[in-house]
Enquirer: 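This is the structure, below, for whatever I ask next.
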2 protein chains.
Amino acid sequence: MTGPRPRPADRPSRGRQRASHSIEAVLGAAVALLDEAGEPALTLRALATRLGTGVGSIYWYVSGKDDLLDRAIDHVLGGVLTAVEGRTGSDDPIDDLRVMAVTLFDAIVDRPWLGAHFMRRTDVQGNSLRLFEKLGQQTLRLDLTPLQRFHAVSAIVGVVVGNAADLGQEPPQEVFDGFVDRDEFLGRYTETWRALDAEEFPFVHDIVEEFDGHDDKEQFLAGLDLTLAGLRLQAGA
Amino acid sequence: MTGPRPRPADRPSRGRQRASHSIEAVLGAAVALLDEAGEPALTLRALATRLGTGVGSIYWYVSGKDDLLDRAIDHVLGGVLTAVEGRTGSDDPIDDLRVMAVTLFDAIVDRPWLGAHFMRRTDVQGNSLRLFEKLGQQTLRLDLTPLQRFHAVSAIVGVVVGNAADLGQEPPQEVFDGFVDRDEFLGRYTETWRALDAEEFPFVHDIVEEFDGHDDKEQFLAGLDLTLAGLRLQAGA
DNA sequence: TTCGACCATAGAACGAGGTTCGATAATTGC
DNA sequence: GCAATTATCGAACCTCGTTCTATGGTCGAA
């Protein structure tokens with residue numbers, strides 16, 4: 001029953017001692033795999049091949065696949081964080097919140113695999129927590145109770161995650177291969193919906209025409225603005 | 001290149017001809033496994049063992065694991081649908097929307113494994129689409145454009161999914177074994193958060209006290225009411 | 001009654017994936 | 001220089017989803 005072996009990530013790496021693979025290289029390759037072919041493409045063997053090493057080596061930098069995914073997410077969230085930080089500073093804190101939420105959403109559009117796990121662990125440290133903090137700082141400028149602030153940030157994150165969750169799971173295998181584009185994919189929805197019984201599905205019939213040329217981002221923005229309108233009302237601004 | 005073999009699910013079962021296992025039995029056992037130990041517990045072998053059959057038999061009723069999960073989800077969503085239908089009919093459509101959203105959320109609290117896949121496929125038929133329709137029918141009573149209606153429903157579903165997503169993934173393996181209860185689990189959060197630098201994390205410090213005794217449902221309700229307030233504003237009601 | 005056609009079941013076998021383990025080189029500290 | 005630590009590698013193991021083939025069982029037709 002020995003304790004876990006020491007890993008480079010566990011201690012401050014004092015000077016690089018000619019490591020052919022750093023944790024950054026591992027994470028970068030992992031993100032590349034995810035970007036290229038989605039989450040199922042991230043296997044330890046594929047990662048090892050891409051890095052030109054053996055599977056076992058990866059376990060030196062990472063405790064397992066879950067840890068690998070967590071770190072890869074945190075890795076890209078670092079970029080998102082700096083992107084977010086560069087766009088704050090408006091007069092209106094709610095406008096700032098909006099911009100930040102949109103930035104988050106755009107990041108998930110670029111990397112759909114983020115959607116499923118985005119903001120999974122707002123727990124200990126990491127860029128996930130830092131993003132949470134950055135959002136929350138805007139609420140400090142609003143006339144709210146701490147609890148209201150907390151709920152406001154949770155709600156905004158909820159809207160982002162809830163809408164982004166739609167994105168990260170649909171493409172059966174079309175978008176990657178380009179056999180079918182997204183418009184045609186959505187077209188099948190509208191056809192099916194139009195064929196439904198009008199008596200039993202009045203709502204679907206009411207909206208089915210809008211669904212043609214449907215835009216995920218527009219849908220997200222509408223939901224976000226609904227929530228922000230409620231927040232603005234609550235803050236009495 | 002032969003077509004798919006006929007399956008009982010593909011045709012109306014005309015009278016039961018002494019089938020020891022029905023599709024309902026398979027789905028029921030699958031849901032039981034999911035309820036007992038979460039998604040990783042649902043393996044075809046475990047399911048076969050529980051049913052007292054072989055793995056191959058399951059493929060008679062289901063085309064694969066994805067199909068199994070989809071049907072299991074649709075199975076429980078059937079119950080959710082009737083629960084939702086029993087609670088509508090108030091004067092205020094937005095109040096009805098609220099009640100329905102809460103019912104959905106409660107269903108996910110009861111079955112955290114639903115969270116990750118909830119409303120995954122609002123596509124063709126199924127109870128998922130029916131729930132979508134039921135929510136939408138309330139918006140027909142509001143003075144909105146079809147597009148606004150669509151966005152409103154999407155936003156509400158987004159809030160439910162976004163907040164429920166938090167639920168379905170936390171318990172590393174504590175809640176199932178009962179080694180650690182949820183309160184103590186959350187207590188670790190507050191400790192870690194309190195230890196953060198106050199200069200760098202002013203927001204987290206502002207809200208950390210509220211996080212003790214934190215209630216997921218309360219958090220969800222606050223976010224939902226924010227969105228509904230925005231909707232009420234938009235509908236001019 | 002007998003014989004096929006179809007329903008339904010069962011489990012061995014395959015391939016892919018995550019993880020473990022021991023061997024081994026490379027580097028560092030003394 | 002020598003031992004301890006650092007880092008690497010891939011074979012082997014186990015689990016899981018899936019496929020395939022074999023085998024009863026039921027029922028209608030000859």
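Below, read A as the first sequence line, B as the second, and so on, with proteins coming before strands; counting in each chain starts at 1.
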Enquirer: Could you tell me which non-hydrogen atom of A/Arg130 sits nearest to which non-hydrogen atom of B/Glu200, and how far apart they are?
Expert: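 Between these two residues, the closest heavy atoms are NH1-OE2, 3.8 Å.
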Enquirer: Could you tell me the separation between the CG atom of B/Leu47 and the P atom of C/dT9, rounded to a whole number of Å?
Expert: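 Rounding to the nearest Å, CG of B/Leu47 and P of C/dT9 are 13 Å apart.
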Enquirer: Starting from C1' on C/dT19, measure out to OH on A/Tyr61 and report it in whole angstrom.
Expert: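 Interatomic distance, OH of A/Tyr61 to C1' of C/dT19: 19 Å.
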Enquirer: Indicate the ring-plane relationship of B/Phe150 and A/His214, choosing parallel, tilted or perpendicular according to the 30° and 60° boundaries.
Expert: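 Rings of B/Phe150 and A/His214: perpendicular, as their planes differ by over 60°.
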Enquirer: Starting from P on C/dC6, measure out to CH2 on B/Trp60 and report it in whole angstrom.
Expert: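 Value for this atom pair: 11 Å.
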Enquirer: Please confirm whether the shortest side-chain N or O distance from A/Ser57 to OP1 or OP2 of D/dC9 is below 4.0 Å.
Expert: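 The answer is yes; a side-chain N or O of A/Ser57 sits under 4.0 Å from OP1 or OP2.
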Enquirer: Atom CD1 of A/Ile58 and atom C1' of C/dT20: how far apart are they, to the nearest Å?
Expert: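 Distance, rounded to whole Å: 14 Å.
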Enquirer: Give a yes or no on whether the backbone of B/Asp74 and the side-chain of B/Asn127 come within a donor-acceptor separation of less than 3.5 Å.
Expert: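 Such a contact is found between B/Asn127 side chain and B/Asp74 backbone.
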Enquirer: Using a cut-off of strictly less than 4.0 Å, decide whether A/Thr53 has a side-chain nitrogen or oxygen near OP1 or OP2 of D/dT8.
Expert: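 Answer is no, no contact under 4.0 Å.
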Enquirer: Return each pair, listed once, that meets side-chain hydrogen bond (donor to acceptor under 3.5 Å, both in side chains) where at least one residue sits in residues 151-165 of chain A; pairs must be two or more places apart or across chains.
Expert: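 Pairs touching residues 151-165 of chain A that pass the test: A/Ser154-B/Gln219.
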Enquirer: Expressed in angstrom and rounded to an integer, what is the separation of A/Ile23 atom CD1 from D/dA7 atom C1'?
Expert: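 In whole Å, D/dA7 C1' lies 14 Å from A/Ile23 CD1.
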Enquirer: Within the structure, does a side-chain N or O atom of B/Tyr59 lie under 4.0 Å from either OP1 or OP2 of D/dT19?
Expert: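 Checking D/dT19 against B/Tyr59, no side-chain N or O comes under 4.0 Å of OP1 or OP2.
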Enquirer: Please tabulate the protein-to-nucleotide N/O contacts below 3.5 Å involving nucleotides 15-17 of chain C, giving atom names and distances.
Expert:
unit_1	atom_1	unit_2	atom_2	d
C/dG17	N7	A/Arg45	NH2	3.0

Enquirer: Which heavy-atom pair separates A/Phe105 from A/Lys217 by the least distance, and what is that distance?
Expert: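 Looking at all heavy atoms of both residues, the closest pair is CE2-CA, 3.8 Å.
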Enquirer: Rounded off to whole Å, could you give me the CG-to-C1' distance for the A/Leu51 and D/dA7 pair?
Expert: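 Taking atom C1' of D/dA7 as the reference, CG of A/Leu51 is at 14 Å.
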Enquirer: Look at the side chain of B/Lys65 and the backbone N and O of B/Leu42, then say whether any donor-acceptor pair between them is shorter than 3.5 Å.
Expert: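 Checked: pair present.
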